[in-house]
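Have a look at the structure below before the remarks.
Chain naming here is simple, since letters A, B, ... match the order of the sequence lines and numbering starts at 1 in each. Computed over heavy atoms, backbone and side chain alike; hydrogens, waters and symmetry mates excluded. Since this is a predicted model, take the numbers as computed values, not measurements.
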Amino acid sequence: MPELIEVEMFRAAAEAVVGRTVSRVDAPDSWFLKHGLSADVLGAAVLGAEVLAATRRGKLLMMPMSSGAVLGLRFGMTGRLAVDGRMPIERLEFSSRRVDPAWVRFELEFVEGGCLSIIDPRRLGGVELDPDVSTLGPDASTVTVDELRSALGRSAAPLKAVLLDQHRLAGLGNLLVDEILWRSRLDPLRPARSLDPDEQRALARSIRSTVQVLTRRGGSHTGDLQVARVPGAACPRCSAPLDRRTVGGRTTYSCPQEQT
DNA sequence: ATTGTGGCCTGCCCGC
DNA sequence: TGCGGGCAGGCCACAA
């Protein structure tokens with residue numbers, strides 16, 4: 001599913017439309033427009049406007065427009081981006097690899113030609129105007145120890161729940177967090193505040209390096225733990241039977257031997 | 001405020 | 001072969 005790695009691929013693809021001017025907006029699904037946004041208001045904000053940039057914070061893709069508005073795109077777990085008919089991600093974990101025309105939830109066309117669209121079968125993504133970035137934590141791909149320490153804070157919540165909380169740290173989803181905690185040998189259920197300074201330092205480093213490595217491999221589903229994310233599987237490192245639990249409301253795989 | 005839970009969305013896979 | 005139930009996770013509303 002789109003976590004920060006996939007959204008970064010979308011962002012890079014969206015760079016292609018920077019400098020182009022919007023000639024048409026298609027938003028056929030009002031559910032997909034968030035925070036009370038209407039197709040009319042959206043049209044007024046982006047029609048005739050030039051795309052100034054393609055930026056990202058966590059899983060949020062942003063396109064500042066020459067009108068002053070900022071277009072915010074979210075992909076949920078099943079949304080994909082297409083730019084000029086090409087999709088940077090052909091296969092998305094947990095989503096269909098087909099492209100049904102009915103799944104095009106949002107589309108921009110440009111005066112210069114080409115288009116940018118979101119294909120989302122399950123409609124878990126969305127489009128918003130002037131997204132409030134201040135509610136997002138620092139981006140996980142570049143998180144520093146200090147940033148991580150303040151994200152963990154004095155929280156008694158499970159470590160995994162805090163890492164998934166986009167308000168505290170932006171960009172990590174279920175697969176990445178499981179991979180990071182497995183690589184860090186940390187129990188997802190550990191209270192977030194229980195990490196000592198050495199563990200905080202190691203975790204911050206692991207977050208950055210795991211994002212980097214999995215980006216190079218091609219996605220958040222390319223972790224070493226991924227093959228074992230099935231009931232009854234064994235730890236790829238020590239062969240102990242993995243725990244399968246629900247933590248932070250998500251299916252969680254971890255090694256009871258190594259992750260403490 | 002903090003933390004946990006349930007619901008929403010719907011294609012796909014499994015078992016009957 | 002068809003059908004129904006369960007599952008997937010990002011996000012938000014809501015409750016304690």
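Considering A:Thr222, A:Leu176, A:Leu172 as possible partners of A:Ile5, the one that fulfils the side chain to side chain contact (heavy atoms under 4.5 Å, CB included) test is A:Leu176. With A:Phe75 as the fixed residue, the side chain to side chain contact (heavy atoms under 4.5 Å, CB included) test singles out one of A:Asp120, A:Leu81, A:Ile119, A:Ile89: A:Leu81.
Sequence neighbours left out, the pairs with a member in residues 249-259 of chain A that pass salt bridge (charged side-chain N to carboxylate O under 4.0 Å, His left out) are A:Arg237-A:Glu258.
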Footprint string (nucleotides 3-10 of chain C, 5' to 3'): B base within contact, S backbone only, - free, heavy atoms under 4.0 Å: -----BBB
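As judged by a 4.0 angstrom heavy-atom cut-off over every strand, A:Arg105 is placed among residues making no nucleic acid contact. Heavy atoms of A:Ala161 sit nowhere under 4.0 angstrom from any nucleic acid atom. Residue contacts for A:Thr78: at a heavy-atom cut-off of 4.0 Å it reaches no nucleic acid atom on any strand shown.
A distance of 12.0 Å separates CZ in A:Arg57 from CG in A:Leu4, rounded to the nearest 0.5 Å.
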N/O to N/O distances under 3.5 Å, protein versus nucleotides 13-15 of chain C:
none

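Here the side chain of A:Arg149 pairs no donor or acceptor atom with the backbone of A:Arg201 at under 3.5 angstrom.
Reading DNA chain B from its 5' end, the first and the last nucleotide to sit under 4.0 Å from a heavy atom of chain A are B:dT3 to B:dC12.
In this view, A:Asp178 and A:Lys160, A:Arg229 satisfy the salt bridge (charged side-chain N to carboxylate O under 4.0 Å, His left out) rule, not counting sequence neighbours.
Within residues 125-133 of chain A, no residue has any heavy atom under 4.0 Å from DNA chain B.
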